[in-house]
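Throughout, residue positions are numbered sequentially from 1 according to the sequence presented.
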Amino acid sequence: MRQLPVLIAGLSLSLSAFAATSDSWNVPVNVKKLDNGLTVIVSPDHTSPTVGVSVVYHVGMRLEPRNRTGFAHLFEHLMFQGTPNAPKGVFDKTITGGGGRNNRSTRPDFTNYIETAPVSSIESILWLEADRMKTLDFNQKTLKNQQDVVKEEIRVNVKNQPYGGFMWIDINQQAFQKWENNHDGYGSFEDLEGASLDDVRNFHRDYYGPNNAVLAISGDVTPAQGFALAQKYFAAIPKRPTPPPTDFSEPLNTAEKRIEQSDALAQVPAIAAGWKMPARGSHDLAPMAVLGELLAGGDASLLYQGLVKGREVALNIENLYGLTSPWEFDGPTLFTVFALYKPTGNADTVLKGIDEEIAKVAAGGVDPATLKRIKTRMLANWYNTLESFMDRADTLAKLQTLWGDANVANQIPGWIEGVTSEDIQRVARTYLTRANRTVIDRKPVAKTAAVAAPAAAPAAPTPVKN
């Protein structure tokens, strides 16, 4: 259930001031909704004459059309191909020419567009963002060009990379039952090529209206200035109907899934083990986040010390919360542990080590000193994120989009601090079970000394499949 936005007014504090005066830091969060449904957040901080801007749309891979896998990602690219008022190239040149930079990403539950620049550029940034919220330059040439760009990105980042993203693409396909949760968000070539101009127009109409977006401004601007600029550039954009909500909820899994894959580019085998996480807003979410850090958050984590340094059965340990953080999702998500392991070893040995470390936590919890260290690390990372104006704007916009309340940014530290050893034991026993686990064992293809005959021109690459 969405919470109502909370309006927070307060003094701006730099992190240095925070460190010197207090054990907590409340980020200023001022929220206003325009008549067209656009939610605007302003977080003033006058420590630097710069601003960060984020526009987050509540659509991502999970809501893209059926038979159009990868469409949300494709559309993210199309947002930079110009409008009738600002042709292709104007957006980037205007921002970088003014000393700024910009970025964007597509995730399961949102697509975000972010910029940072001197405060003198804020009106140009907002004009550009409002302009492409109104409409795009829909044309076949641009669509074909960006279809090719996305396909090349898939070749580079997935098909021609060792392991090919199996720890987030393939494992989702195995762990989840519903199409919204288990399809390949990067997209199949067939689906990408099948996208039409009508698909593009309809997607912009349905999901890129102001009532499906959050605009956040952080930095050297007052709330009154930020709201006035949002009104000036965005208020005239009419709200548009959005498609009805989709039920993509899923229960925890009840039987372990094990899959073995081959990898022609990998030098050593790898394993990915994923468990369905607590739902966003669950009382188990913060303990799960702390447990994930305890198990696989860096070289001091239990799995690194136990499997890499201790048993020496793994070469590395990494963790993932889907494609986001443990706080930024709005549907079924996996906590995944990814590890390379020695060619002389096997997946069962690695899994046995993982299970043993989880069992220790489930049975005995975590000692106070270790728990304090984990919390301190998590809080430091959280506050460091909020210090950057661009990252702060983006975090607030995403939390408003997903939770309905940007002030969650000020609640998360308290949630982390409130996690107890007993909480960690409970979530370990509930979620990190064998029945709720999906495992992919990715093994290198054995190399041969035979010299292949010259091949004919290669066919188009096929989508990543299990």
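Checked against the 6.0 Å centroid criterion, the rings of Phe91 and Trp127 do not qualify as a close aromatic pair. Taking the six-membered ring for Trp, Phe75 and Tyr207 have ring centres at least 6.0 Å apart. You'll find the ring centres of Phe71 and Phe203 inside the 6.0 Å limit. Aromatic ring centres of His73 and Tyr186 lie closer together than 6.0 Å.
Leu34 places a side-chain heavy atom less than 4.5 Å from the side chain of Phe234. Side-chain contact between Asp109 and Val59 is absent, with no heavy-atom pair separated by less than 4.5 Å. Looking only at side-chain heavy atoms (C-beta outward), Gln177 and Asn182 stay at 4.5 Å or farther from each other. Ile259 is not listed as a side-chain neighbour of Asp170, based on a closest heavy-atom distance of 4.5 Å or more. No side-chain heavy atom of Asn112 sits less than 4.5 Å from a side-chain heavy atom of Tyr57. With a 4.5 Å cut-off on side-chain heavy atoms, Val40 and Lys33 do not count as touching. Arg107 places none of its side-chain heavy atoms less than 4.5 Å from the side chain of Phe329. Side-chain contact between Ser301 and Leu295 is absent, with no heavy atoms from C-beta onward closer than 4.5 Å.
Judged by distance alone, the side chain of Thr333 and the main-chain N or O of Gly331 form a donor-acceptor pair under 3.5 Å. A donor-acceptor pair under 3.5 Å is absent between the side-chain atoms of Lys342 and the main chain of Leu315, judged by distance alone. Between the side chain of Glu64 and the backbone N or O of Ala72, at least one donor-acceptor pair lies under 3.5 Å. Without hydrogens or angle criteria, Lys443 side chain to Val268 main chain gives no donor-acceptor distance under 3.5 Å. Asn181 places a side-chain N or O within 3.5 Å of a backbone atom of Phe248 that can act as its donor or acceptor partner. No donor-acceptor pair closer than 3.5 Å links the side chain of Asn319 to the backbone N or O of Ile317. Not a single donor-acceptor pair under 3.5 Å links the side chain of Asn253 to the backbone N or O of Ala255. In this structure a side-chain-to-backbone donor-acceptor pair under 3.5 Å is present from Asn172 to Trp168. The main-chain N or O of Asn102 is never found under 3.5 Å from a side-chain atom of Glu115 such that the two would form a donor-acceptor pair. Glu250 places a side-chain N or O within donor-acceptor distance of the main-chain N or O of Lys178, the cut-off being under 3.5 Å.
In this structure, Ala272 and Ile171 approach most closely via the heavy-atom pair O-CD1, 3.7 Å. Among all heavy-atom pairs drawn from Asp184 and Thr69, the shortest one is O-CB, 3.5 Å. Considering every non-hydrogen atom in both Phe176 and Lys276, the closest pair reads CD2-CE, 3.6 Å. Between Thr430 and Leu252 the shortest heavy-atom distance is O-CD1, 3.9 Å. Closest heavy-atom contact between Arg132 and Met79: NH1-O, 3.1 Å. Closest of all the heavy-atom pairs between Leu386 and Ala409 is CD1-O, 4.5 Å.
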From CA spacing to verdict: salt bridge (Lys or Arg N to Asp or Glu O under 4.0 Å), Asp355, Lys352
CA-CA 5 Å; Asp355 286 341; Lys352 183 174 182 292; over 6 Å; no
Start with the C-alpha distance between Asn436 and Thr433, add both sets of side-chain angles, then the distance that settles side chain to side chain donor-acceptor pair (under 3.5 Å), and finish with yes or no.
CA-CA 5 Å; Asn436 189 38; Thr433 65; 5.0 Å; no
For a ring pair (Phe, Tyr, Trp, His ring centres under 6.0 Å) check, start with the C-alpha distance between Phe335 and Tyr431, then their side-chain angles and the critical distance, and finish with the verdict.
CA-CA 9 Å; Phe335 168 69; Tyr431 301 93; over 10 Å; no
Begin from the C-alpha positions of Asp405 and Gln411 and carry the test side chain to side chain contact (heavy atoms under 4.5 Å, CB included) through to its verdict.
CA-CA 10 Å; Asp405 184 3; Gln411 298 172 22; 3.7 Å; yes
Show your reasoning for whether side chain to side chain contact (heavy atoms under 4.5 Å, CB included) applies to Val55 and Val214.
CA-CA 6 Å; Val55 180; Val214 174; over 6 Å; no
Steps toward side chain to side chain donor-acceptor pair (under 3.5 Å) verdict (Asn384, Asn381)
CA-CA 5 Å; Asn384 283 339; Asn381 289 339; 4.7 Å; no
Pair Glu76-Thr106, side chain to side chain donor-acceptor pair (under 3.5 Å): steps then yes or no:
CA-CA 7 Å; Glu76 169 211 312; Thr106 306; 2.4 Å; yes
Derivation of the side chain to side chain donor-acceptor pair (under 3.5 Å) call for Asn85 and Thr83
CA-CA 5 Å; Asn85 295 317; Thr83 73; 5.0 Å; no
In sequence, state the C-alpha distance, the side-chain angles, and the governing distance for Leu143 and Leu78, and then conclude on side chain to side chain contact (heavy atoms under 4.5 Å, CB included).
CA-CA 7 Å; Leu143 175 58; Leu78 291 169; 4.2 Å; yes
What's the verdict on side chain to side chain contact (heavy atoms under 4.5 Å, CB included) for Asp441 and Gln261, showing C-alpha distance, side-chain angles and the deciding distance?
CA-CA 6 Å; Asp441 184 17; Gln261 296 179 334; over 6 Å; no
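Ion pairing between Asp137 and Lys88 fails under the 4.0 Å rule for side-chain N and carboxylate O. Using a 4.0 Å cut-off between a side-chain N of Lys or Arg and a carboxylate O of Asp or Glu, Lys398 and Asp391 do not qualify as a salt bridge. A salt bridge is defined here as a Lys NZ or Arg NE, NH1 or NH2 lying under 4.0 Å from an Asp or Glu carboxylate O, and Asp348 with Arg258 meets this definition. Between Arg201 and Asp198 there is a salt bridge, since at least one side-chain N of the basic residue sits less than 4.0 Å from a carboxylate O of the acidic one. The pair Lys232-Glu123 meets the salt-bridge criterion, with a side-chain N (NZ, NE, NH1 or NH2) lying under 4.0 Å from an Asp/Glu carboxylate O. Salt bridge absent: Arg392 and Glu387 never bring a charged side-chain N and a carboxylate O closer than 4.0 Å. Between Arg240 and Asp206 there is no salt bridge, since no side-chain N of the basic residue sits under 4.0 Å from a carboxylate O of the acidic one. Salt bridge annotation for Lys151-Glu193: present, with a cationic side-chain nitrogen under 4.0 angstrom from a carboxylate oxygen. Look at Asp199 and Arg68 and you find a salt bridge, because one of the NZ, NE, NH1 or NH2 atoms lies within 4.0 Å of a carboxylate O, short of that distance. Salt bridge status for Asp330 with Arg62: absent, with no side-chain N to carboxylate O gap under 4.0 Å.
Summarising the local packing, CZ of Arg101 is surrounded by 12 or fewer heavy atoms from other residues, nucleotides or ligands at distances under 6.0 Å.
By the 30° and 60° cut-offs, the orientation of the rings of Trp327 relative to Trp415 is tilted. The aromatic rings of Trp179 and His183 sit parallel, their planes meeting at an angle under 30°, below the 60° perpendicular limit.
Side-chain N/O atoms of Gln147 and His77 include no donor and acceptor closer than 3.5 Å. Thr142 and Asn145 share no side-chain donor-acceptor pair at under 3.5 Å.
The CG atom of Asp423 lies 12.5 Å from the CE atom of Met288; values are rounded to the nearest 0.5 Å. Atom CD of Glu256 and atom OG1 of Thr438 lie 8.0 Å apart (nearest 0.5 Å).
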